Amino acid sequence: MVPFGGYLMPVQYSDLSVGESHAWTREKASIFDVGHMVQYHVEGPGAEAFLETLTPSGVKDLAPGQAALSTLLIPGTGGISDDCIITRLEAGPRHLFYLVANAGCRDKDFKFLTEALEKWDQSVNPQVQVRHLEHDGKPYGLIALQGPLAAEILQSTLATTCKVDVNNWWFGNAKTVTLALPSGESLPIVASRGGYTGEDGFELSIHPAQTVEVTKLLLDTAGPEKLRLAGLGARDSLRLEAGMCLYGHDLDDSTTPVEAALSWIIPQSRRSGPGASFNGAEAIVPQLVAPSKGGAGVSRRRVGFIVEGSPAREGAEIVDADGNSLGKITSGCPSPTLKKNIAMGYIKEGKHKSGTEVFVVVRGKKRKAVVTKMPFVPNKYFKER
């Protein structure tokens, strides 16, 4: 157990090593307790417009039940204050959105949202409310059911009155479900198909009174031959194989979405005209266009690496054959799936193309590294064919 984001979090459980837990998730299914993540409701007729001032996503285009990866952006610079998931739960008249952000940014995000709300003149603009998702002062639980058996396990635990077919439930969509709890009383659960491992899976937002009961139900129904608890150790190696960022390491206040290879979260409708009115748009929009085409471009980009010899960890310097600095590693570990050392980091523009050979300085020695496309391990999201 380690302290993180105001909680004590499990790095691993006693029945499996980190590597074994990683492999178990890839082959069967695991439950991750991610209740340390911060869950918000953003609601009101002004919710869409409010969120579109803070993020570059096309919030107005989200259908009920549809989610999008996004970023909270700093005014002026376009730096990433945090990354988050935004889901539209209801359209009018409530205009209810569900936002999940990082535990390590708990205080910073609350300050960010509060200050933004204070600037949102509700005497002129439509009303909007931002509140933590909690009951009687206790935050809602959040568990991630991840792995190729996740859909089978969730389907088998749905209440008979819950007419949801997981075979028609696509990645990036949320549904309200009820499970067949032994206690007989089942409160609604918002379940989102997705996760942080690259595997198929679901994240379940659960009333605090039933978080433990739901977790036990899933474990008991599936049995230990299919489902195990997994900790932060496996979660980190899984997300790195999937090419996913960890805030505070691969993303920070000084990094824009374009530098972070997250330009895809910015739809065309938000790249010009009235749509380009989000925080930091004046810095980000020019970065989307290369200098050769009249834009500003960027000086560095986030990429993946395969590293020979010892694994490269956060802070390791990326250099060329002559020892000239090209960038820094932000995350790295041995890949349990590939049996190779993988990493991600920021490298000088022009050196970011896949196949480019560079060096990473590990313990004072230059190790050969190759720029590699991410994800390192193909994702298995359940997408509409």
Side-chain angles (χ1 to χ4, degrees), residues 56 69 71-74 76-83 236 239-266 271 279-335 338 340-377:
L69 174 68
T71 53
L72 301 177
L73 298 174
I74 298 171
T77 66
I80 300 173
S81 183
D82 197 7
D83 60 326
D236 192 53
R239 70 91 189 170
L240 186 51
E241 285 188 348
M244 295 182 180
C245 300
L246 177 61
Y247 192 85
H249 302 264
D250 312 301
L251 304 174
D252 59 28
D253 293 3
S254 67
T255 306
T256 70
V258 184
E259 293 173 315
L262 295 175
S263 298
W264 58 270
I265 72 172
I266 310 172
R271 297 186 178 201
N279 284 354
E282 63 270 36
I284 292 171
V285 170
Q287 291 181 344
L288 293 165
V289 181
S292 61
K293 296 182 179 181
V298 292
S299 61
R300 58 174 187 154
R301 292 186 186 271
R302 179 177 66 92
V303 297
F305 300 91
I306 299 291
V307 183
E308 294 184 10
S310 301
R313 305 292 186 179
E314 181 179 3
E317 190 173 13
I318 305 162
V319 299
D320 62 17
D322 297 323
N324 298 309
S325 179
L326 299 176
K328 294 279 187 181
I329 297 295
T330 53
S331 291
C333 74
S335 164
L338 301 177
K340 297 177 181 179
N341 296 320
I342 61 174
M344 73 169 71
Y346 286 82
I347 196 168
K348 184 179 178 181
E349 172 74 1
K351 297 290 186 179
H352 65 284
K353 294 181 180 179
S354 295
T356 302
E357 296 181 353
V358 294
F359 296 87
V360 177
V361 180
V362 180
R363 300 193 190 102
K365 295 183 179 180
K366 290 197 301 184
R367 308 285 184 180
K368 290 183 180 179
V370 178
V371 176
T372 307
K373 286 185 178 180
M374 296 186 286
F376 298 101
V377 175

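Everything numeric here is computed off the predicted structure, so don't read it as measured data.
- Of the residues Asp82, Leu246, Leu262, Thr256, the one that meets the side-chain contact (heavy atoms from CB on, under 4.5 Å) test with Leu251 is Leu262.
- When every heavy atom of Leu240 is checked against every heavy atom of Phe376, the shortest pair comes out as O-CD1, 3.3 Å.
- Partner of Phe305 under the side-chain contact (heavy atoms from CB on, under 4.5 Å) criterion, chosen from Thr372, Asn341, Ile329, Thr356: Ile329.
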Query - Full working for side chain to side chain contact (heavy atoms under 4.5 Å, CB included) between Tyr346 and Arg301 - result: CA-CA 5 Å; Tyr346 286 82; Arg301 292 186 186 271; 5.8 Å; no
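- Proximity of Val371 to Lys351: side-chain heavy atoms (C-beta onward) are nowhere separated by under 4.5 Å.
- Under the 4.0 Å criterion applied to side-chain N and carboxylate O atoms, Arg302 and Glu259 are not assigned as salt-bridge partners.
- Smallest separation of non-hydrogen atoms from Cys333 and Pro311: C-CB, 4.4 Å.
- Within 6.0 Å of the CD atom in Glu282, the count of heavy atoms belonging to other residues, nucleotides or ligands exceeds 12.
- Classification of Arg239 and Asp250 as a salt-bridged pair holds, one side-chain N sitting under 4.0 Å from a carboxylate O.
- Considering every non-hydrogen atom in both Arg367 and Ser310, the closest pair reads NH2-OG, 3.5 Å.
- Other residues, nucleotides and ligands contribute only 12 or fewer heavy atoms inside 6.0 Å of the NZ atom of Lys348.
- Not a single donor-acceptor pair under 3.5 Å links the side chain of Asp322 to the backbone N or O of Asn324.
- The residue from Leu73, Thr71, Leu72 that alone fulfils the side-chain contact (heavy atoms from CB on, under 4.5 Å) condition with Ser81 is Leu72.
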